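In what follows, a single structure is set out as structure tokens and then discussed.
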Protein chains: 2
Amino acid sequence: MLATCPSRTSLARIANKWTAMIVIALSERRMRFGELRTRVAGISGKVLTDTLRDLERDGIVTRIAFAEMPPRVEYELTALGRTLSEPLGALGLWAEQYFDQVQEARDAFDARPTT
Amino acid sequence: MLATCPSRTSLARIANKWTAMIVIALSERRMRFGELRTRVAGISGKVLTDTLRDLERDGIVTRIAFAEMPPRVEYELTALGRTLSEPLGALGLWAEQYFDQVQEARDAFDARPTT
DNA sequence: CCGTATCCTTCGCGATACTG
DNA sequence: CAGTATCGCGAAGGATACGG
């Protein structure tokens, strides 16, 4: 977090909604591309591909391609990825758990006079 | 995370690098605007203002303005914000702790043939 | 010092069409 | 089915200048 700390670059990568959602989905179990696309609803194919490639590059997921027709590709968390799934999972839980309070705060804020 | 779950919107807000860095900074102690700008290095004034306003709207930080000259404004986590600082703090720790492994994985990935 | 307003650039991301 | 390529929009974010 500190100004010049290089870990900021890795924080920027993981503090990202798509990364969070993908890692949370994969923390449950290994999954195929199409399955991921369904679970992480709203993501486009392009962005899913790009994000998975970045995560593979960073050693967080493993890409397993089967030489079949039609093609099948599965993605799985690495050991490193599994360590990451814990804080990200906690973040996902927070979002579920406190969403109502956030929503209330938003409504209250928006309802107050524009003065 | 699930397809239609509305908590996705709050996850998108908190799974964000600026949010993470600001909340982590404020988890240490209440802080002034200028101090935050220094601690969260690289952020522009505009983005810091915008993000803080969103966080205030979501009930995560409180804005305390002093009627002085020159002006002084402090930001502080709310009770809700403090609950959030735990998973985000964990994420920050992960980034520090595993940054080296991420870096190695990146280098290895980039070094491999473009086949 | 702490904003707000404006402008402009960059990039995330979705849509579509096409390949193995 | 999985992935690539291209295009384009809109949001994120930086720089600057100004106001209370």
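As the structure is a prediction and not an experimental result, all values here were calculated from the model. Each chain gets a letter, A, B and so on, in the order the sequences are listed, and its residues count up from 1.
In this view, Thr62(A) satisfies the side chain to side chain donor-acceptor pair (under 3.5 Å) rule with no residue, not counting sequence neighbours. With sequence neighbours excluded, the residues that form a ring pair (Phe, Tyr, Trp, His ring centres under 6.0 Å) with Tyr98(A) are Trp94(A). For Trp18(A), the side chain to side chain donor-acceptor pair (under 3.5 Å) criterion is met by no residue, not counting sequence neighbours. Residues meeting the side chain to side chain donor-acceptor pair (under 3.5 Å) test with Glu74(B), sequence neighbours left out: Arg30(B), Arg72(B).
No donor-acceptor distance shorter than 3.5 angstrom exists from the side chain of Ser85(A) to the backbone of Ile24(A), with no hydrogens or angles considered. Remark: the backbone N or O of Met31(B) is not paired with any side-chain donor or acceptor of Arg39(B) at under 3.5 angstrom.
If you check residues 52-74 of chain A against DNA chain C, the residues with a heavy atom closer than 4.0 Å are Pro71(A), listed by number.
Counting to the nearest Å, the C1' atom of dG3(D) and the CG atom of Asp50(A) are 10 Å from each other. Here the C1' atom of nucleotide dA5(D) and the CG atom of Leu48(A) are 17 Å apart, to the nearest Å.
Other cluster members for Met69(A): none, since no ILVMFWY side-chain heavy atom sits under 4.5 Å from it. Other cluster members for Phe99(B): none, since no ILVMFWY side-chain heavy atom sits under 4.5 Å from it. Ile64(B) belongs to a hydrophobic cluster whose remaining members, ordered by chain and number, are Phe66(B); membership requires side-chain heavy atoms of ILVMFWY residues under 4.5 Å apart, directly or through intermediates.
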Every protein N/O lying under 3.5 Å from an N/O of nucleotides 14-18 of chain D:
unit_1	atom_1	unit_2	atom_2	d
dG14(D)	OP2	Ser44(B)	N	3.4
dG14(D)	OP2	Ser44(B)	OG	3.2

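Distances shown here put a side-chain N or O of Arg32(A) below 4.0 Å from the OP1 or OP2 atom of dA2(D).
Annotation: the terminal axes of the helix from dC1(C)-dG20(D) to dG20(C)-dC1(D) meet at 40°, where each axis is the rotation carrying the C1' atoms of four end pairs onto the next four (5 pairs per end, rounded to 10°).
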Show the atom names and distances, to 0.1 Å, of all donor-acceptor pairs under 3.5 Å that link a side chain in residues 43-55 of chain B to residues at least two apart or in another chain.
unit_1	atom_1	unit_2	atom_2	d
Ser44(B)	OG	Val47(B)	N	3.3
Thr49(B)	OG1	Gly45(B)	O	2.9
Thr51(B)	OG1	Val47(B)	O	2.7

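Heavy atoms only, all atoms of each residue included: Ala15(A) and Ala20(B) are closest at CB-CB, 4.3 Å.
Contacts between chain A and DNA chain C, taken as any atom within less than 4.0 angstrom of a protein heavy atom, begin and end at dC13(C) to dG20(C).
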**OP:** Please lay out, stage by stage, how Thr9(A) and Arg106(B) fare under the test side-chain contact (heavy atoms from CB on, under 4.5 Å).
**Re:** CA-CA 12 Å; Thr9(A) 72; Arg106(B) 270 183 208 174; 3.9 Å; yes
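Between the OG atom of Ser10(B) and the CG atom of Leu91(A) there is a distance of 9.0 Å, given to the nearest 0.5 Å.
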